[in-house]
Amino acid sequence: MNHVKLLPAVLLTAIISGCVSKEPPPPPQKMAFGVPDGTAKYKPVSAKNLSLQLVGKPTAHAGERTVLTFMLTNTGMTKIEIPEWYSNESDNIVLFAQPWLTGMKKPDDANWVELSFDLKRPVFHHPLILMPDNKVMVAKELPFVKNIRKISKGMERRYFIKAKVNLKSLKLESDVLVLRVLPNNKTGEK
């Protein structure tokens, strides 16, 4: 009888010892979604039925954090797929600016300054599919507005701003808009 009780214990010990590996466990892997940057070639995407526009009014207050939100819209009747779309939304648009100087009626094409930002690391691409009349919003910060110290009451500074899609496979930019930077009411500027 004792042999019958001992048999399950021996079998269990054999099974457990056979499952134990003498090699160290593999290192933990970082989870990432999408295609790593630089590992794929993307076919050109037509901008024919795409629109890039600012959402809201282009106004800001001196010394405050300013974020502009742009809307990419499919204005066509069929879906549009953008395989190169960055997983970090804000990396998909780059902003350009130049001051509106006295006497200017339009921006000078030679004076656009790219407001460059480092891409969020690690950089991954994830396809964006826009169905007809579908939209995606992309927010971008204007860091230079926070550095404007003072604007006299009743005055304003103006800047020409435009946004471009930051993809090699899609060439699209917004209309030029005029950003009005107003005095900061919180600091009681006079």
Side-chain angles (χ1 to χ4, degrees), residues 34 37-38 45-76 80 82 84-126 128 130 133-190:
D37 197 34
V45 175
S46 172
K48 179 182 173 186
N49 292 320
L50 289 171
S51 164
L52 183 61
Q53 297 176 330
L54 177 71
V55 176
K57 293 184 180 181
T59 57
H61 289 90
E64 292 184 3
R65 182 175 181 261
T66 302
V67 177
L68 297 180
T69 301
F70 289 86
M71 179 172 55
L72 179 66
T73 307
N74 178 354
T75 60
I80 297 174
I82 307 171
E84 189 185 1
W85 195 255
Y86 287 102
S87 296
N88 182 39
E89 292 289 340
S90 66
D91 291 341
N92 291 292
I93 289 180
V94 65
L95 297 180
F96 293 82
Q98 64 177 281
W100 177 334
L101 304 174
T102 305
M104 292 180 81
K105 302 239 187 286
K106 62 179 186 173
D108 182 347
D109 287 337
N111 289 332
W112 285 111
V113 175
E114 180 179 344
L115 304 177
S116 60
F117 302 91
D118 291 333
L119 297 177
K120 186 175 179 181
R121 300 288 174 189
V123 180
F124 288 99
H125 298 276
H126 193 275
L128 172 69
L130 287 175
D133 201 34
N134 220 352
K135 304 164 179 48
V136 65
M137 306 285 200
V138 179
K140 291 296 285 190
E141 187 167 353
L142 283 175
F144 71 88
V145 176
K146 194 170 187 176
N147 296 328
I148 297 174
R149 297 288 177 219
K150 186 175 180 182
I151 297 176
S152 299
K153 188 174 183 178
M155 303 297 287
E156 66 182 28
R157 291 190 190 174
R158 293 183 180 183
Y159 297 86
F160 292 109
I161 304 283
K162 70 178 178 179
K164 284 187 179 181
V165 173
N166 189 29
L167 304 175
K168 293 176 185 163
S169 62
L170 176 60
K171 305 300 178 210
L172 179 66
E173 66 181 60
S174 70
D175 292 334
V176 174
L177 55 104
V178 177
L179 174 75
R180 297 173 57 221
V181 181
L182 306 172
N184 187 331
N185 295 332
K186 292 178 184 174
T187 60
E189 293 175 359
K190 298 177 182 178

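Only this structure's heavy atoms are used, side chains among them; waters, hydrogens and symmetry mates stay out. Treat the numbers as computed from the prediction; the structure is a model and nothing was measured.
- Every residue two or more places apart in sequence or in another chain was checked for a salt bridge (charged side-chain N to carboxylate O under 4.0 Å, His left out) with Glu89, and none qualifies.
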Problem - side chain to side chain contact (heavy atoms under 4.5 Å, CB included) evaluation trace for Ile93 with Leu52 - result: CA-CA 10 Å; Ile93 289 180; Leu52 183 61; 3.7 Å; yes

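- Smallest separation of non-hydrogen atoms from Leu130 and Asn74: O-ND2, 2.9 Å.
- Between Val176 and Pro107, the closest heavy-atom pair is CG1-CG, 3.9 Å.
- Under the salt bridge (Lys or Arg N to Asp or Glu O under 4.0 Å) criterion, no residue pair touches residues 95-113, with sequence neighbours excluded.
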Pairs of donor and acceptor atoms involving the side chains of residues 159-168, under 3.5 Å and at least two apart or interchain, shall be tabulated with distances.
| residue | atom | partner | partner atom | Å |
| --- | --- | --- | --- | --- |
| Asn166 | ND2 | Asp91 | O | 3.0 |

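- Exactly one residue among Val136, Val138, Val55, Leu54 makes a side-chain contact (heavy atoms from CB on, under 4.5 Å) with Met71. That residue is Val55.
- Each of Glu156, His61, Arg157 was checked for a side-chain contact (heavy atoms from CB on, under 4.5 Å) with Arg180, and the lone residue meeting it is Glu156.
- For Asn147, the CG atom counts as densely surrounded, since its 6.0 Å shell holds more than 12 non-hydrogen atoms of other residues, nucleotides or ligands.
- Judged purely by atom type and a 3.5 angstrom limit, Thr73 has no side-chain atom pairing as donor or acceptor with the backbone of Lys135.
- Not one N or O on the side chain of Lys140 forms a donor-acceptor pair closer than 3.5 Å with the backbone of Thr69.
- Considering every non-hydrogen atom in both Leu95 and Glu141, the closest pair reads CD1-O, 4.2 Å.
- Atom CE of Met104 sits in a crowded spot, with more than 12 heavy atoms from other residues, nucleotides or ligands closer than 6.0 Å.
- No donor-acceptor pair closer than 3.5 Å links the side chain of Asn92 to the backbone N or O of Trp85.
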